[in-house]
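In what follows, a single structure is set out as C-alpha cells and then discussed.
Below, chains carry the letters A, B, ... as their sequence lines are ordered, and counting in each starts from 1. Predicted model only: the values in this text are computed from it and were never measured.
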Amino acid sequence: MQSFRGVDYLLIDSQLDSQEHLVRQTAREFVEGAVIPVIRDAYREGRFPTQLIPELGRLGFLGANLEGYGCAGMSNVEYGLIMQELERGDSGLRSFVSVQGALVMYPIWKYGSDDQKNRWLPALHKGEAVGCFGLTEPDFGSNPAAMRTTAARDGADWVLNGEKTWITNGSSADVSLVWARTDSGIRGFLVEKGTRGYATSDIHGKMSMRASVTSSLSFADCRVPGAALLPGVSGLKGPLSCLSQARYGIGWGVIGAAMDCYETARQYTMLRKQFDDRPIASHQLVQEKLADMITEITKAQLLALHAGRLKDQGKLEPAHISMLKRNNAAIALDIARASRDLLGANGVTDEYPIMRHLCNLETVKTYEGTDHIHALVIGERVTGIAAYR
Amino acid sequence: MMKIVVVIKQVPARDSFLRVDPGGAWIQESDLNYEINEPDAYALEAGLQLKEKSGGEVVVVSTGPARVASTIREALAKGADRAIHIEQEDVAGAGPLATARVIASALETEKPDLILTGLQSDDFGYGQTGVILAELMGLPHATIIMNVEVNGASLRLKRELENGYFQHVEMPLPALLTMQSGSNKLRYATLMGIKKAKTKEVRTIAGVQPEGAGTSIRIERVYMPGSSKQSQIFDGPPREAAAKLVEKLKFEARVL
C-alpha cells in the first residue's frame, strides 16, 4: 500500500488556500507517521493510544479553532480538514480530539469564568489534561431535556446526583463537564477527577470504537464548589451548542474514514486478479461500486466544504449541520460496507482498515444525534412541524 | 549563533500521475502535486536542529515559479526564520550550473556560516547543484552527510559510503553540506507554526536567464518506456530450426 494521498475526483483541492493545504498536510503526515503504525494494535487490544496525546497537543490539534490560551485560531475549514485526516486514521482518535476541543474546551472558552478558562484551557490544549462531556444518561439519549441528573444548591456548593453513560474519555478525564438539572434549568458543572461521590466505570465489550475509552459516570451526593458552575449559559442550548461544534467536525471526519475505505478497495481491486488473469477492477459490477463510492465521497466533500465556508461566515445553522452529519455518516458507512464487499474475505481481517472503520462508523451513525433525529431536524426545518415533540 | 542557509527545491510529489506533455519534451504539469524534495527536507531538519542547539537563524532559499511559495511556506511553518524566493519560470531548462549561479548571487550579501541542501533532487537527480554552489561561493563542501555536529568553528560529520560503511570527517566553517535522506526524524509543522509562517519575511528576487556554455539544458524527448514485441521465424529443416530456437531461448530470452 502506498501512503495516503487523499481523494479528490472533482479538483476540490483547488478551492483550498495554501494555509488550508498546509494544515491538512500536517495532519495527514502525523496520521501516516504516528497513527497508522499503532492503530491496529490499539483497536485489537481495546485501548486508546494515549502515547499520541502529547503530540496531538504539541501540533495544536486540541481546540484548534479556538482563539487564545495557546490555541491556533484555525478557520472552521482548517479544523474540518484536521478532523478528516484524523478519522482517516481512526474514528476513536477523531472522537478524542472532538470531545476535548468541541465538547470540553469550546464550552469552557465560550461560557466559562476567567478562572475556569485560565485553569483548564491551556492544559487541555497541550494535552496535559483530558476532558469529557457528560450529557447522555442511561434512559435519555436522543431526548436530553428529560435528563434525571440533578444539581442542588447547598450553601455555596452544589450537590450532584445521577448517572451519565456513553461518555467518551470518561475514565481518563481529569475534568468532566457534566450537565445537570437545577432550579434554574439545565446547567454545566466542571467536576474534577477524584472528587468525592464521583466515580467512573468503563463500558466493555464494544465491537466498535475499540480504540476509544467509553465510560459511565456516577454522581452520588457529589459536592462541588460554586466555582464549578459554568456561569455563561443555562438551558439545553448550552450542551446543544457544543454538540453543533462536534457534529460539524464529524461531518468532515467521516469523509476521512470513507476515503480510506474507498482508496483501499480501489487499490485492492486493481491488483486482485480472478478470472482470465484480469484485475477484478476490470469487471463492470466492481466499477459501478467504485463509481458510486467516489461520487458519494465527492458530494460529501462539497457539503462539508460549503458548510465550513458558511460556518466561517457565521451563517451555519444547526439544521444545516444535521444534514452534514447525517448524510456524511450514512454515506461513509455505506462506502465502508461496499469496500468490505470488494475485498471479499480479506475485507474482514484487520490487515486492512476497512472492517475497523465499518465498525466505528456504526457508532458514528448513532452518536451525537442519531441518523433518525437529524432526519427529524431536517424535517422540522422544511415543514415547520417538530415530529419528535 | 550560526547563520544557516538551507537550499530547498520543490519537486513533483513522488506518486504523481505522470503523462507526457503534448509537446513531447516534458511531463504534463497540470497533473502534478508538488512537495519538498526529500533530501532537502532532511537538510531543513538538520538546520532547524542545529539552530535549536546553538541558536542563530535559518534562512531558506528556493528557485522556481510562483507555486514554489507553498514549499517555502511549509519550511517557514516548520521553523525557518525567513526565506528568499528566486523566481525562475523555466526550472526544467536551467541546469545545475545556472541554478547554482542564481543561488550564489542571491546569497552574496547573506554570508552564511553553513549552507545545507539535499544531496540530489527527486526529479532530475543531477546531484550537482550543491557542490557547484560551494565551488562558486569558494566554500569547502562535503557530500552524503548523515549527521552534523558543530564544535566551535569546525564541523564533525558522518558521511555515508558504499556497502554500509560510514566515514567521519572534520572540516572548518563556513562550509556547504549536501544531506542524505533518512538520517533524522522529520518534524511536522504545528498549527501555530503554520499561522506564524504567514508573517515571516519572504524576499522575492527575479531570476536571470541562464547564459553561457553549460548553463542551460534542453530536453529532447520524454517518453514512457515502451515494450516491444518481436517475432522471428526459423526456416530450414526442423532439426536445424529447433536447434536455433533452443539457442535463442537459452542465450537471448534466457528462459531455458
Side-chain angles (χ1 to χ4, degrees), chain A residues 1-9 11 13-14 16-35 37 52 54-75 78-79 81-82 85-86 97 101 122 125-127 263 267, chain B residues 8 10-18 28-38 41-42 44-45 48 52 60 62 64-80 83 85 122 181-182 184-200 202 204:
Chain A
M1 289 285 290
Q2 40 183 264
S3 64
F4 183 71
R5 286 274 173 191
V7 174
D8 184 21
Y9 183 83
L11 312 184
D13 277 6
S14 64
L16 302 178
D17 69 24
S18 65
Q19 181 164 313
E20 288 163 349
H21 277 279
L22 212 43
V23 167
R24 183 180 65 183
Q25 183 184 329
T26 267
R28 187 169 287 174
E29 287 173 356
F30 165 72
V31 169
E32 193 71 32
V35 178
L52 299 177
E55 188 73 345
L56 288 169
R58 202 187 63 78
L59 290 172
F61 293 164
L62 305 173
N65 57 346
L66 302 179
E67 288 280 357
Y69 306 93
C71 301
M74 291 282 114
S75 75
E78 288 159 346
Y79 172 78
L81 290 165
I82 295 167
E85 295 304 318
L86 293 178
V97 175
H125 169 67
K126 288 184 203 144
E263 208 27 49
Q267 290 181 26
Chain B
I8 61 176
Q10 188 188 54
V11 296
R14 266 157 291 175
D15 49 3
S16 289
F17 175 51
L18 297 183
Q28 274 194 33
E29 294 199 345
S30 59
D31 289 336
L32 302 177
N33 292 315
Y34 290 92
E35 64 187 11
I36 186 169
N37 179 45
E38 193 183 34
Y42 285 91
L44 175 65
E45 182 59 43
L48 294 172
E52 282 162 1
V60 292
S62 191
R67 61 171 156 79
V68 171
S70 66
T71 293
I72 288 175
R73 185 116 166 231
E74 181 188 339
L76 294 172
K78 287 189 173 180
H85 178 184
D122 290 339
S181 292
N184 247 319
K185 190 176 176 327
L186 299 179
R187 70 190 61 200
Y188 313 113
T190 67
L191 298 186
M192 266 305 187
I194 290 171
K195 234 185 152 188
K196 276 188 206 147
K198 255 197 297 202
T199 59
K200 290 179 176 174
V202 180
T204 305

### Message
I'd like to check the side chain to side chain contact (heavy atoms under 4.5 Å, CB included) partners of A:Ala34; sequence neighbours left out, ordered by chain and number.
### Response
A:Phe30, A:Leu52, B:Tyr188
### Query
How far does OG of B:Ser70 sit from CG of A:Asp17, to the nearest 0.5 angstrom?
11.5 Å
### Task
Measure across A:Leu59 and B:Ala189 and return the closest heavy-atom pair with its distance rounded to 0.1 Å.
CD2-O, 3.8 Å
### Top of B:Leu191, B:Asn33, B:Leu186, B:Thr190 for chain A proximity - count of heavy-atom pairs under 4.5 angstrom
B:Leu191
### Query
Does B:Lys196 NZ have over 12 foreign heavy atoms under 6.0 Å away?
no
### Summary
Those residues at least two apart in sequence (or on a different chain) that pass side-chain hydrogen bond (donor to acceptor under 3.5 Å, both in side chains) with B:Arg73 are A:Ser18, A:Gln19
### Task
For B:Met192 and A:Ala72, work out which heavy atoms get closest and say how close.
CE-CA, 3.8 Å
### Task
Check B:Arg14 against A:Arg5 and note the closest heavy-atom contact, atom names and distance.
N-NH2, 4.0 Å
### Query
Do NZ/NE/NH1/NH2 and the carboxylate oxygens of B:Lys195 and A:Glu78 come within less than 4.0 Å?
no
### salt bridge (charged side-chain N to carboxylate O under 4.0 Å, His left out) between B:Arg187 and A:Glu29, worked out
CA-CA 9 Å; B:Arg187 70 190 61 200; A:Glu29 287 173 356; over 6 Å; no
